[in-house]
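Each chain gets a letter, A, B and so on, in the order the sequences are listed, and its residues count up from 1. All values below come from the heavy atoms of this structure, side chains included, with hydrogens, waters and symmetry mates left out.
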2 protein chains.
Amino acid sequence: MGATDGDIMDKNAMDKDAADKNASADKRETGTLGKLMVLLDIVTHADGPMRFTDILSVAGQPRGTLHRQLGHLTEEGLLEVLADGRYAPGLRLLDLASRSWARNEFRLIAEPHLNALQQLTGETVHLGVLRGASVIYLDKVEGSQPVRMYSQIGNASPVYCTGVGKAALSALPDDQLDAIISSVSFLRFTENTLTPETLRSEITDIRRSGNAFDREEHEVGIRCVAAPVCSEDLSFVGGVSVTGPAYRLTLERLEEWALPVRRAAESIMSGMRIGLGPRR
Amino acid sequence: MGATDGDIMDKNAMDKDAADKNASADKRETGTLGKLMVLLDIVTHADGPMRFTDILSVAGQPRGTLHRQLGHLTEEGLLEVLADGRYAPGLRLLDLASRSWARNEFRLIAEPHLNALQQLTGETVHLGVLRGASVIYLDKVEGSQPVRMYSQIGNASPVYCTGVGKAALSALPDDQLDAIISSVSFLRFTENTLTPETLRSEITDIRRSGNAFDREEHEVGIRCVAAPVCSEDLSFVGGVSVTGPAYRLTLERLEEWALPVRRAAESIMSGMRIGLGPRR
DNA sequence: AAATTGAGTTCTGAATAATGGAACTATCGG
DNA sequence: CCGATAGTTCCATTATTCAGAACTCAATTT
């Protein structure tokens, strides 16, 4: 079930009588851009390059229209046409993202603390941020191995089965928490994957202890300990985590690193207050 | 295809009036999307987050229009509004890029060969591809250090002063080569940075020997040896390189690695023939 | 070889969304 | 309180996008 776009209907704004404030609601009012982004999503989320017709069958646009749209996307470098005519994501995206990543202020603030935490634990350290009902990994610091970069960065994962995700949730006020929990469909990845109920009770624990754990809830053999990181105004809600294989991250080891992880989170938060707080 | 302009200007606008606007062929025929992408470029290329007014002053759009455009970009997650109202690149870009990177077929084919080359040399290995008059790095494999990911991947660099760039150029037919050379303005990064003339003569050498070198032409203290990688139909034109500090990469060492680099390039190309050649 | 299908491209009046100018609201500094 | 600077909303005008059909081109089938 693709959680694709929701609604696109909003014809005729018969604005006779006055306006209600458009409070929340998730009406995409992004006009042309919105339609193009849907296409971009279709192509980037596909398993591989797509032919014109493949796209046509899922895009719900007339052929001529789709053709022009793909043309525009291609001309801008957001898509690429392979030799055989199929469409793949374009390199322009890499360029944009690398800039956006390099200058991200949260990431820059967190960077030294992530490195320190990696040194201390020897395991892989992540910084993630909540976006909607997903966690996007903003940075990742690994130990030795000739690394697979990008391996995780930029990836979106479900909130309810990652340490960073649960940590982030614990920082939210209840109403937002409820909104997210009710909007997510809980897939069962492993034996230990949480349900809405167990998630709620875990959140309570996290708020008390300051640490979130992932005990093979997302992937068998992978554990992690995390702590929430957020800015005061909640413009940033995320977390730091230390992740590793279960044979190294025994349950005792997780407890042992709970404090250092919390400390790192605190350092990052105080860095944010300094770096972002005062007027600029 | 045709004139694939699309490249975005080089960095560091040094003195040099260089009043000539880049090829006036600003025939962006991408309608609304084109305008939005210009904005996105403005924000991602800036040194930091920009206020509405900052953008207004360079975007050349009326306030109301700009306001709506930024609103759309923000709503789609391509831009983000910070707590103080300034605009920064959005996280959606990371998500899109990580997908586009992970599935890139050229990168996937090259990956094992890059790793092997890194193992052999112990230095940093790059895979880059030509796009317009720039080189975009598609992958990077480093040795040990707790890595700075994204550090280079996705970055666009000038063709004329990187090993990969020169290698890529050498694979092009003369007319395309001429087009690129004449479209680029040659900034002088170091003592050794090439000029259009020296570049041309180097290209001749590269075509003969099969290797391109960067002898501190982009950055003092950094050298590299590269070899061209391209698909038969030139839908992919790029290169592989081994890069490192001058004190380790002596000139003799560069020569020593010239052959392994060429070999890696050949392996990648034969992988492409298998992987991309037959119909799919 | 002619006919048929499938895939992709181009064209057009009609409909929709973007434009740009101005008026409006905050917020700040004195 | 006033005058600036910064950001937001409104709305008639205009330019872009839309949708559908007609067209090209190549690969299959008869």
Side-chain angles (χ1 to χ4, degrees), chain A residues 5 7-23 27-40 42-43 49-76 78-88 233 278-280, chain B residues 1-2 26-40 42-43 46 48-76 78-88 278-280:
Chain A
D5 62 321
D7 41 77
I8 313 182
M9 344 212 31
D10 178 61
K11 316 212 140 194
N12 298 340
M14 36 203 295
D15 33 349
K16 268 293 182 58
D17 55 342
D20 54 338
K21 282 76 204 311
N22 50 354
K27 46 179 52 178
R28 278 246 173 113
E29 232 5 295
T30 41
T32 306
L33 178 62
K35 295 164 197 160
L36 293 176
M37 291 306 292
V38 168
L39 293 182
L40 199 50
I42 289 173
V43 176
M50 297 178 80
R51 288 177 316 170
F52 181 88
T53 323
D54 300 332
I55 305 176
L56 183 63
S57 67
V58 293
Q61 298 273 18
R63 301 155 86 84
T65 302
L66 181 64
H67 188 256
R68 177 179 39 76
Q69 292 171 326
L70 291 176
H72 286 178
L73 251 9
T74 303
E75 204 160 323
E76 287 294 340
L78 298 174
L79 289 182
E80 228 152 90
V81 185
L82 304 184
D84 60 4
R86 290 180 309 164
Y87 290 86
D233 59 356
R279 70 146 269 97
R280 306 155 54 93
Chain B
M1 298 288 198
D26 216 27
K27 54 192 69 191
R28 277 257 169 100
E29 206 42 81
T30 38
T32 306
L33 177 62
K35 294 164 197 158
L36 292 176
M37 291 306 292
V38 168
L39 293 182
L40 197 51
I42 289 173
V43 176
M50 296 178 79
R51 289 176 316 174
F52 181 87
T53 322
D54 300 331
I55 303 175
L56 184 63
S57 66
V58 294
Q61 300 271 23
R63 298 149 95 100
T65 302
L66 182 65
H67 189 257
R68 176 180 37 78
Q69 291 171 326
L70 291 176
H72 285 177
L73 288 170
T74 303
E75 204 160 321
E76 286 294 340
L78 299 174
L79 289 182
E80 228 151 88
V81 185
L82 304 182
D84 60 4
R86 290 179 310 164
Y87 290 87
R279 69 152 274 101
R280 304 152 59 85

Open item on the list: Listing request: all salt bridge (Lys or Arg N to Asp or Glu O under 4.0 Å) pairs with a residue in residues 52-74 of chain B, at least two apart in sequence or in separate chains.
Closed with: B:R51-B:D54
TODO: Check the distance between C:dT16's C1' and B:R68's CZ and give it to me in whole angstrom.
DONE: 13 Å
- [ ] Check whether any side-chain N or O of B:T32 sits under 4.0 Å from OP1 or OP2 of C:dA17, and answer yes or no.
- [x] no
Open item on the list: Return the CG to OH distance between B:L70 and B:Y87, rounded to the nearest 0.5 Å.
Closed with: 4.5 Å
Open item on the list: Rounded to whole Å, please give me the gap between NE2 in A:H72 and P in C:dA17.
Closed with: 17 Å
TODO: Please report, rounded to the nearest Å, how far the P atom of D:dA6 is from the CE atom of B:M50.
DONE: 13 Å
Task: Which residue lies more 5' along DNA chain C, comparing A:R63 with B:Q69 via nearest heavy atoms - done: A:R63
TODO: Look at the side-chain N and O atoms of A:Q61 and state whether any lies under 4.0 Å from the OP1 or OP2 oxygen of D:dC18.
DONE: no
Task: Point-to-point distance, once rounded to the nearest 0.5 Å, from CG of A:L78 to CG of B:L33 - done: 6.0 Å
Open item on the list: Whether the side chain of A:T65 and the base of D:dA19 hold a donor-acceptor pair under 3.5 Å is what I'd like checked.
Closed with: yes
Open item on the list: How close do B:L66 and B:A59 get, counting heavy atoms only, and between which atoms?
Closed with: CD1-CB, 4.2 Å
TODO: Specify the closest pair of heavy atoms between B:L56 and B:Q61, including all atoms of both residues, with the distance to one decimal.
DONE: CD1-O, 3.2 Å
TODO: Please check the phosphate of D:dG7 (OP1 and OP2 only) for any side-chain N or O of B:H67 closer than 4.0 Å.
DONE: no
Task: A:L36 CG - C:dA18 C1' separation (whole Å) - done: 14 Å
Open item on the list: Rounded to whole Å, please give me the gap between NZ in A:K35 and C1' in C:dA15.
Closed with: 11 Å
Task: d(CG, B:L82; C1', D:dG7) in whole Å - done: 16 Å
Open item on the list: Using whole Å, what does the distance between atom P of nucleotide D:dT9 and atom CG of B:L70 come to?
Closed with: 13 Å
Task: Phosphate contact (C:dG8 OP1 or OP2) by A:T53 side-chain N/O below 4.0 Å - done: yes
Task: Length of the CG-P vector between B:D84 and C:dC28, whole Å - done: 12 Å
Task: Nearest to side-chain heavy atoms of A:P62, which nucleotide of D:dA19, D:dG7, D:dC18 - done: D:dA19
